[in-house]
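Note sheet for the following structure.
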Amino acid sequence: MGKLNDNSLLLEFLCSPINPSDINQIQGVYPIKPEVPGALAGNEGLARVIQVGKSLSNSWKVGDRVIPLKPCFGTWRTYAIAEANQLMKVPKNIPSIQAATMSVNLCSAYRMLKDFNPPNNCVIQNAANSGVGRYVIQLCKALGMPSVNIIRNRPGVNDLIYELKDLGATYVLLQEDLAKAETRKWFKDSFPSGFGLALNAVGGPSSLELARNLSEGGSLVTYGAMSREPTAVPASLFIFKDIRLRGFWMGRWKEKCIDLEVYYQMINELADLTSQSKIVGPPVKFIDFDLGKLADEDSTKLFHEAISEAQKPFTNNKIMLRFNKDIV
Ligand SMILES: NC(=O)c1ccc[n+]([C@@H]2O[C@H](COP(=O)([O-])OP(=O)(O)OC[C@H]3O[C@@H](n4cnc5c(N)ncnc54)[C@H](OP(=O)(O)O)[C@@H]3O)[C@@H](O)[C@H]2O)c1
């Protein structure tokens, strides 16, 4: 873990989600590959300061809540020592789940809506029930953008549709209905100019349907590939609609963000929306870790269970590792 010196902070992690990209990183298929042995998994999470190095006592105090600024911090652990410039403080009134999913899930949703600025303010997305998707729905509502949200059919789908509409989804459609003639007609009648922005976390046939519904010059922004299928688009959409295929990666945005003020401003804006209850965190299933009390083999088993649970389809819950039961 390193040593606490005058310029560092001792942190206790409270909770950290298991996101698909964390698993990709462990599989070695993510662009950032932590050094092994000794690599620590987990890219986002919420921690609190439990000890402050002497030189930092003017600006930091015990109890400050923090999130990592950059990817690869290693958030699946109970304690960490960090330099102040690796962290960002989050206000105390932000609920823990929102704070723990802020630096990747919430910031990604925010950046994609801001940076790809849809000309006609209509957004369509797949994987709308994902952590990012739910934040997209709520931010669209807060920013006054209608959103069409695609999910996969499942038992109890009406409850999920109701839940997403309650978050602010203008429409929720089933992936399985997209290629039907009546759905195509519905799109033409309801959104005659198409969508300025389509957010794609799935790929395969799902992304093709998103591309088909773009407006002239609209952008399909791919930020995930949950189906593991390629995003293929017919030439006619390029020729006759001049659509744009773009990509987004929060990790790249963070690496390239030299002006930390822009970063702070985003976090403050999101913190404001959260404190006004305009944004709520995704539903989570907690997996409780008290590493101090668990034998090594028990904690390994628990990690394996958590990772396998996080990869199950149709669960509607994000797996959240909880290191301190009293906090959340
Ligand atoms: N580029 C970036 O900076 C960035 C940032 C954050 C996230 N992401 C990516 O965004 C995606 C969502 O991340 P998240 O953390 O929000 O995920 P999450 O909360 O774990 O949700 C996973 C989502 O993927 C869907 N899904 C799983 N397998 C699927 C399949 N075979 N076909 C279609 N949908 C499938 C799930 O739908 P069901 O409920 O139907 O199973 C669910 O909507 C991931 O690909 C992640 O890597 C990228």
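Just so you know, ligand 1 is whichever comes first in the structure, and atom 1 is the first atom listed for that ligand.
- Here's the thing with Y223: one of its N/O atoms is less than 3.5 angstrom from an N/O atom of ligand 1.
- Considering backbone and side-chain N/O of G131, one or more are found under 3.5 Å from N/O of ligand 1.
- At under 3.5 Å, a nitrogen or oxygen of M250, whether backbone or side chain, sits near a nitrogen or oxygen of ligand 1.
- Across S206, S130, G203, heavy-atom proximity to atom 21 (O) of ligand 1 is greatest for S130.
- For ligand 1, the polar-atom distance check finds an N/O of F314 within less than 3.5 Å of one of the ligand's N/O atoms.
- At least one cation-pi condition fails for R154 and F314: the charged atom is not both under 6.0 angstrom from the six-membered ring centre and inside a 45 degree cone around its axis.
- Within the structure, the closest approach of R154 to ligand 1 falls below 4.0 Å when heavy atoms are considered.
- Within the listing of ligand 1, atoms 5 (C), 6 (C) sit less than 4.0 angstrom from a heavy atom of V104.
- Backbone and side-chain nitrogen or oxygen atoms of F248 are examined, and one is located within less than 3.5 angstrom of a nitrogen or oxygen of ligand 1.
- An N or O contact shorter than 3.5 Å links V132 to ligand 1 by distance.
- Between A310, A201, G247, P17, it is A201 that holds the heavy atom closest to atom 11 (C) of ligand 1.
- Considering backbone and side-chain atoms alike, T315 places every N or O at 3.5 Å or more from each N or O of ligand 1.
- Atom NZ of K241 sits in a crowded spot, with more than 12 heavy atoms from other residues, nucleotides or ligands closer than 6.0 Å.
- Between N316 and ligand 1, not a single N/O pair is under 3.5 Å apart.
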